Amino acid sequence: MPPPRKRVGRRPTDDNPATVERASDQHILEQTAETEEEERFAELQVAALFLVGTAMLIFFIVAYFAISIRDNLGQYSNYALGGSLALALFAIGGGFIVWAKKLLPHEKAIQDRHDFHSPEAEEIEAENTFLAGVDDMGLGKHKILRRSLLGALGLFPLPLVIMLRDLGPLPHRSLLRTGWRAGVRLVDLDTRLPIKLGTVEIGGLVTVMPEGFTDVDEDALAPSMLIRFGPGQIMSKKEREWGVADHVVYSKICTHAGCPISLLEQQTHHLLCPCHQSTFDMVNDAKVIFGPAARPLPQLRIGLDSEGYFIAKGPYSQAVGPSFWERR
Amino acid sequence: MSAKKADANGGAALTRPENQGAAEKATRGTLKYVDDQFGSASFLKRSMDKVFPDHWSFMLGEIALYSFVILLLSGVYLTLFFHASQNVVQYNGSYQPLRGVQMTEAYASTLHISFDVRGGLLMRQIHHWAALIFVTSIVVHMFRVFFTGAFRKPRTINWHIGTILMILGILEGFAGYSLPDDLLSGTGLRIAYSVAESIPVVGTYVCYFLFGGNYPGQDIISRLFIIHVLLVPGILLALISAHMMILWHQKHTDFPGPGKTEDNVIGTKFYPGFFLKTNGFLFMVFGMITALAAFAQINPVWLYGPYNAGQVSAGSQPDWYILFLEGSLRMMPNWETHIWHHTISWNILIPGVILPGIMFNLLALYPNIEAWVTKDKAYHNLLDRPRDVPVRTGLGVMSLTFYMVLVAGGANDILASTFHWSLQATTWVLRVLLIALPPIAFKVTKRFCLGLQHHDEALLHHGVETGIIRRLPSGAYIEVEEPLPAKKAETLAKQIGYDPHHHGDGHAAIAAGDGHEPAPADGHTQTVTRPVGVLAKARTKLEDFWDEPREPVPDTQPHPEN
Ligand code: FES
């Protein structure tokens, strides 16, 4: 036997048709009303509020046509429209509330709560009916039917899922690709002009892109930084060798979550990512010295072309930007 | 009038009045017309008579509901002008500083709404403010439900629905925030992309399918748009309807008080009292949001400029409900694993995927966990006061503390620069606090709750201290204490005597009239089974822990002679 169910209330419920049949089981506990004078005053209050609402709505309509959106970047229009609409809404809302509080009879109603579950007999009947249906369908008996049904229903969602395939290309190699190739010139992101040796000051940082980049920005991994250090400041031999005359190029895309980095501390040569404050030591192979980024920023090997402009000597040798599963 | 009287007489042979005015005739006619087709009269009558208890904290959910209505209305307006496209165009609208700049249509149309559509800026700001208030009121409403135990049986499934609503609300907010394709939202999307990318094995596939290629691709704005204006709002609408229908069906909970029991509800009838009031409140919420939109600028996207992969706007802050994720990303140590030519970036996976996953799951399942620990299978319509359930309240404050440290982490740079701390020290302090502070918060809260309980008992048994000192004939001095006013005393007795964790196994005394069925009469004959298995033992331990702080109440009734 199942243990007796705990339920709220002392009311016998299982065989009390009244609780089901009764359309209403609510009655009034207390009721008081305002005096006639108070009522008249309240009526005036509510009416005044509704009138204010009407006035404000009219003001809104006038302001819409009268106040130019060109003045002060549309701020005047915004104040007038928003202010009048807000006042209208407050007035109407206030009217409703005063109406409800002052003009309706003050009454406290009490109502029974009913049991949330059905009488046990009904519950059992429902269970029985359901199980009988399962029996009738013979799901227990007809093994082949059951298995073939599982197969069909199991495969049913697949077409829907497969059709999502063309949402995008598969990742593969394009994860590693940026616009940088051997021989491509570095251009300033803003001016789009190539950069000559000697035009960047010591301590300067220029955001560069591969020449011929488009605004469509298919290649959001390409942004890089050309930094010029003072003579002898670069500590790492490899870093020096990959650069040209104290100029080095690093990826601008943070290896943490991909924000573009910009803040170079002149004294310490630390580069700070504005998003989560990963800090890279730019004279030491851009090693991470603080923050949630795990990998140094990749360095781009650069050289000079015959006219003295900076060029890339090849693509980045490793994946740029945040880590992902396929990254080696 | 005559109809009303007949109703009061027990509903014997009702007839419609003879001479009806035109308005009455039309009303009755319409109601009958509908009833003839649906048989809706009894439902209508029951609904109008439904009683709603009054308490200011019950309005929090209403704020969420009404701001959702505003979101739908203002959102539809915005779709009339917004172009969800990443095609690049040259801007030549009214905003001078950006004239001639190349930008996506999404950003250009957002500028158009802001500067060339009259009232467009107002609508944009209404929409954004309403979104903030939507999420905020949901969260505060959840606090109310949590700390008063309103999620207990029979309202557990509704709590689950509510949790899903909150999560969807956050996602919806983030999607909407991303649509204008400005520099700020682009940075947010960039980070979201990286978080998805960090999922082992399938991460890059998820990203490529969602964005239509490597970041940023050509598709994300139009896809986010349809998610933002159709898919998620559709689900929200369905779940909000379910949430409300369940509330309607089960009737609202109420705090204990005079005359209130587990099987009644005292308050205002839905029609006309509650109906008028709640409509007034709807307009007030509309008004508040409109006032904010008029006078408090929000998300001025024209200042940030169009999205550009090579730029980031300094000091960018997401909407507040994303801050905890930002904080967890910032505080996480930089762990990464390389195995068999593969990379797992724990530095993003843990703070961006695993931690929020655990947090939201714990939140959703909390009612089930609590019921499992306390073995409480009873129905609860009366609410707990937070102090009366110290462990739950402690757990709530503990979780909140954890969350707040994460939020603080999202502003670690601002903290550091404001107080001139080093960024590293700030981050390390926050990391330690994230682990150390929550347990302390738990202990302190629990103590505090117990203290309040004692205070209540003292009030009830000894009354209020009046400050009047009287000399007794024996020479001793006493302070005169006055008993509580009768109504207050009754409420307090109810609150104290109301044992929320009585579960009928005979070890908790029940106060009369608290609506619980006493333990089965044959309770003491039940065989006591010793817990077997690790899980069962843990459960018993947890249950002891839960009940431990409840100290014996000597007498729950005020002294009659006082
Ligand atoms: S993206 Fe640079 S630290 Fe997170």
Side-chain angles (χ1 to χ4, degrees), chain A residues 4 6-9 11 23-24 26 64 69-70 74 77-79 81-83 85-86 89-90 92-93 96-97 99-100 104 108-113 116 167-169 171 174-175 189 207 215-217 220 223 252 257-260 274 276-277 288 290 292-294 322-328, chain B residues 42 45-46 49 51 88 102 115 118-119 121-122 154 190-191 194 197 200-201 203-204 208-209 212-216 251 262-266 269 273 276-277 279-280 283-284 286-287 290-291 293-294 309-310 312 329-330 332 334 336 341-343 345 347 377-379 381 423-424 504 515 520:
Chain A
K6 286 171 193 118
R7 82 172 47 108
V8 161
R11 203 160 27 87
S24 166
Q26 152 275 126
Y64 182 88
I69 189 175
R70 309 257 175 271
S77 164
N78 195 52
Y79 292 150
L81 296 181
L85 189 59
L89 292 164
F90 281 137
I92 296 173
F96 273 123
I97 289 172
W99 185 3
L104 292 189
K108 253 199 174 156
I110 179 166
Q111 187 174 33
D112 286 348
R113 291 182 190 272
F116 291 102
L167 275 175
S174 65
L175 281 167
L189 174 73
T207 299
D215 276 312
V216 179
D217 249 338
K252 194 180 169 73
C259 285
H276 315 101
Q277 289 94 38
V288 180
F290 178 70
S323 296
F324 45 90
W325 174 250
E326 291 87 345
R327 216 191 80 86
R328 283 152 189 271
Chain B
S42 90
K45 168 98 174 81
R46 253 184 297 132
D49 279 348
V51 173
V88 175
Q102 303 276 319
F115 295 110
R118 278 173 285 185
L121 179 62
L122 184 69
R190 182 65 182 108
I191 295 171
S194 311
E197 213 178 8
V201 188
T204 49
Y208 268 57
F209 288 161
N214 206 347
Y215 182 82
K251 300 197 177 84
E262 284 285 0
D263 45 22
N264 72 11
V265 50
I266 297 180
K269 282 199 293 175
L276 264 194
K277 249 191 275 178
N279 264 313
F283 276 96
M284 289 308 219
F286 274 33
T290 311
V312 68
L329 279 169
R330 288 182 185 197
M332 182 70 197
N334 62 344
E336 206 172 85
H341 302 307
H342 286 298
T343 304
S345 28
N347 53 348
K377 291 200 179 69
Y379 285 122
N381 293 316
L423 198 60
Q424 313 206 6

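Numbered from 1 within each chain, the chains take letters A, B, ... in sequence-line order. Quick caveat, the model's predicted, so the values are computed rather than measured.
- Looking at A:Pro223, the atoms closer than 4.5 Å to chain B (heavy atoms on both sides) all sit in the side chain, from C-beta outward.
- Between A:Pro171 and B:Thr204 the shortest heavy-atom distance is CG-OG1, 3.5 Å.
- In this structure, the separation between OH on A:Tyr64 and CG on B:Leu122 is 11.5 Å, given to the nearest 0.5 Å.
- Interface remark: B:Pro154 contributes side-chain atoms only to the contact with chain A (heavy atom separation under 4.5 Å).
- Taking both residues in full, the closest heavy atoms of B:Met284 and A:Ile97 are given as CG-CD1, 4.0 Å, listed atom of the first, atom of the second, then distance.
- Scanning for side-chain contact (heavy atoms from CB on, under 4.5 Å) contacts around B:Leu276 gives A:Phe96, A:Trp99, A:Ala100, A:Leu104, with sequence neighbours left out.
- Contact of the B:Arg190 side chain with the A:Pro322 side chain is registered, since non-hydrogen atoms from C-beta on lie closer than 4.5 Å.
- Using a distance-only test at 3.5 Å, with no hydrogens or angles considered, no donor-acceptor pair links the side chain of B:Glu336 to the main chain of A:Ala294.
- In this structure, the portion of A:Arg70 lying under 4.5 Å from any heavy atom of chain B is its side chain and not its backbone.
- Residues forming a salt bridge (Lys or Arg N to Asp or Glu O under 4.0 Å) with B:Arg118 (at least two apart in sequence, or on another chain): none.
- The line from CG of B:Leu121 to CD1 of A:Ile69 is 7.5 Å long, rounded to the nearest 0.5 Å.
- Residues A:Ser323 and B:Thr343 share a closest heavy-atom pair of CB-CG2, 3.8 Å.
- By the 30° and 60° cut-offs, the orientation of the rings of B:His342 relative to A:Trp325 is parallel.
- Note on A:Gly83, A:Gly258, A:Gly74, A:Cys259: by heavy-atom pairs under 4.5 Å with chain B, the leading option is A:Gly258.
- At a 4.5 Å heavy-atom cutoff, the contact between A:Phe324 and chain B is made by backbone and side-chain atoms alike.
- At a 4.5 Å heavy-atom cutoff, the contact between B:Ala291 and chain A is made by backbone and side-chain atoms alike.
- Between B:Ser194 and A:Ala257 the shortest heavy-atom distance is OG-O, 2.6 Å.
- Of the atoms belonging to A:Leu189, it is side-chain heavy atoms, and not backbone ones, that fall under 4.5 Å from chain B.
- Here the closest non-hydrogen pair linking A:Phe290 and B:Leu423 is CZ-O, 4.0 Å.
- Residue with the most contacts toward chain B among A:Pro260, A:Ala86, A:Ala293, A:Ser77: A:Pro260 (heavy-atom pairs, distance under 4.5 Å).
- Nearest heavy-atom pair across B:Asn264 and A:Arg113 is O-NE, 3.1 Å.
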